[in-house]
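Residue numbers begin at 1 in each chain, while the letters A, B, ... track the order of the sequences.
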Protein chains: 2
Amino acid sequence: MEETTPELLPRETVLQIRDTCLCLAAQRAARRLARRFDAVLRPFGLTNGQFSLMVALNQPDPPPMGRLAPFLAMDPSTLTAAVKPLARRGLLTVEPDPDDRRSRLLHITPEGVALMRQAAEVWRSAHAALDAQLPSGLPETLRQGLAAVAAAPPPAPLNPGKDDL
Amino acid sequence: MEETTPELLPRETVLQIRDTCLCLAAQRAARRLARRFDAVLRPFGLTNGQFSLMVALNQPDPPPMGRLAPFLAMDPSTLTAAVKPLARRGLLTVEPDPDDRRSRLLHITPEGVALMRQAAEVWRSAHAALDAQLPSGLPETLRQGLAAVAAAPPPAPLNPGKDDL
DNA sequence: CCATGTTAATTTGATATCAAATGATTTATG
DNA sequence: CATAAATCATTTGATATCAAATTAACATGG
């Protein structure tokens with residue numbers, strides 16, 4: 001009797017997705033890097049994402065959430081949530097923009113700066129170690145490529161189209 | 001009176017992190033790509049991560065969770081959680097490995113295969129659109145680079161070292 | 001055979017993530 | 001000016017993510 005193999009996707013399809021999907025490749029790399037930097041930042045009680053957010057607050061003028069979300073390529077609601085543990089710890093404060101009370105400005109606190117001074121040191125050495133671990137030239141290439149991907153506009157969302165009708 | 005600028009990290013440090021951190025670049029690109037593929041897969045009720053997981057189940061022998069977690073570069077506990085909504089929908093089943101009842105094999109169901117047939121089609125066109133949007137050669141370069149990053153072993157975790165003592 | 005150690009997966013608790021709906025303001029229009 | 005439309009943020013509900021602690025099962029030494 002022939003054992004009928006259970007029906008699956010064509011093998012070539014599976015291999016194509018597995019080997020070429022940029023989304024999958026990006027998620028994997030992002031998870032690995034996240035764990036790596038989470039580990040070195042753990043002594044400061046920061047995750048890699050919190051670190052990136054805090055870095056972005058080091059500007060003369062406190063940035064509004066509406067600018068940070070696009071910069072981090074995250075949904076506004078994600079930023080709202082991300083800010084809470086940091087505000088709770090007193091590393092930043094959220095203040096309405098006097099010139100537009102819808103907008104909220106994120107101020108880094110002195111405690112936040114103090115913590116970031118140390119965290120930035122650790123970041124530096126951790127990133128140097130990562131660079132040293134990768135084939136020469138790859139870091140720059142990757143940065144460029146990832147930036148291009150992050151900048152690529154989403155495909156026209158096939159939506160009702162405010163233009164039609 | 002001199003307005004003393006609030007103390008911040010050195011500007012060059014901020015710019016260095018912002019412009020060179022591979023972790024930040026990866027998180028941003030990963031989020032953008034995730035949203036993009038989440039959008040096209042939404043009609044099937046699948047996220048990009050669920051899609052990748054389901055693709056990996058298209059093997060003659062159902063893979064154990066212990067092999068999938070490393071493949072997806074995710075924590076075992078994350079995989080445990082990720083499997084639940086898919087199992088609830090009947091797209092896969094979780095069965096103990098008869099040869100080692102600690103291990104669990106993930107079987108794709110006929111319903112899962114049927115859904116994936118359609119989803120794979122959509123993936124194909126979505127990915128083609130992405131490729132077309134990027135500078136020629138970049139997709140291949142990125143795949144390679146991301147794979148290298150995902151493969152890079154984590155730095156020796158400076159742990160108690162089971163060897164010492 | 002049993003005690004010990006090891007490995008696979010899960011649970012728990014916290015943060016991260018997004019879409020959709022809602023609230024709060026501001027801007028534009030009549 | 002007053003209503004409508006657009007903008008910024010938040011809430012809600014669901015999945016995603018990991019570390020640490022736990023449970024279940026296998027493996028090994030005695």
Kindly say whether [Y] contributes a backbone atom to a donor-acceptor pair with the side chain of [X] at under 3.5 angstrom?
| X | Y | result |
| --- | --- | --- |
| A/R28 | B/F71 | yes |
| A/D97 | A/S103 | no |
| A/D38 | A/N48 | yes |
| A/R89 | A/G45 | yes |
| A/R143 | B/T20 | yes |

Rounded distance (Å) that lies between atom [atom2] of [N] and atom [atom1] of [X]:
| X | N | atom1 | atom2 | answer |
| --- | --- | --- | --- | --- |
| B/D99 | C/dA9 | CG | P | 14 Å |
| A/L72 | C/dT17 | CG | P | 9 Å |
| B/D100 | D/dA27 | CG | P | 6 Å |
| A/L86 | C/dT15 | CG | P | 10 Å |
| A/M65 | D/dT10 | CE | C1' | 9 Å |
| B/D38 | C/dA16 | CG | C1' | 14 Å |
| A/Q27 | D/dC18 | CD | P | 11 Å |
| B/N48 | D/dA16 | CG | C1' | 10 Å |

By nearest atom, which of the nucleotides [options] is closest to the [X] side chain?
| X | options | result |
| --- | --- | --- |
| A/R88 | C/dT7, D/dA16, C/dT15 | C/dT15 |
| B/R35 | C/dT10, C/dT25, C/dC18 | C/dC18 |
| B/S103 | C/dT10, C/dA19, C/dA8 | C/dA8 |
| A/R31 | D/dA16, D/dA24, D/dT17 | D/dT17 |
| B/R42 | C/dT15, C/dA19, D/dT15 | C/dA19 |
| A/M74 | C/dT25, D/dA16, C/dC18 | C/dC18 |
| B/P76 | C/dT15, D/dT15, C/dT10 | C/dT10 |
| B/S77 | C/dC18, D/dC18, D/dA25 | D/dC18 |

* Quick one: label B/G66 by what it contacts on the DNA or RNA (base, sugar-phosphate, nothing), any heavy atom closer than 4.0 Å. =>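 Counting heavy atoms under 4.0 Å across all strands, the contact made by B/G66 is with sugar-phosphate only.
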
* Indicate, with a heavy-atom threshold strictly under 4.0 Å, whether A/A81 touches base, sugar-phosphate, or nothing. =>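 Counting heavy atoms under 4.0 Å across all strands, the contact made by A/A81 includes a base.
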
* Asked: Does the base of C/dT25 carry an N or O that pairs as donor and acceptor with the side chain of A/R101 under 3.5 Å?
  ->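 Per atom types, no contact qualifies.
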
* Asked: Is the shortest side-chain N/O distance from B/T47 to OP1 or OP2 of C/dC18 below 4.0 Å?
  ->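 Looking at the OP1 and OP2 atoms of C/dC18, neither is under 4.0 Å from any side-chain N or O of B/T47.
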
* For A/T78 and C/dT17, is the shortest distance between a side-chain N/O and OP1 or OP2 below 4.0 Å? ->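 No, A/T78 has no side-chain N/O under 4.0 Å of OP1/OP2 on C/dT17.
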
* Find which nucleotide of DNA chain D each of A/A39 and A/R104 is nearest to by heavy atoms, and output the residue with the more 5' nucleotide. =>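 Per heavy-atom nearest nucleotide, the more 5' residue is A/R104.
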
* Asked: So which one's nearest nucleotide on DNA chain C is more toward 5', A/P85 or B/K84?
  ->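 It is B/K84 whose nearest nucleotide is closer to the 5' end.
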
* Relative to each other, are the rings of A/F51 and A/W123 parallel, tilted or perpendicular (30° and 60° limits)? ->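 Answer is parallel, since the angle falls under 30°.
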
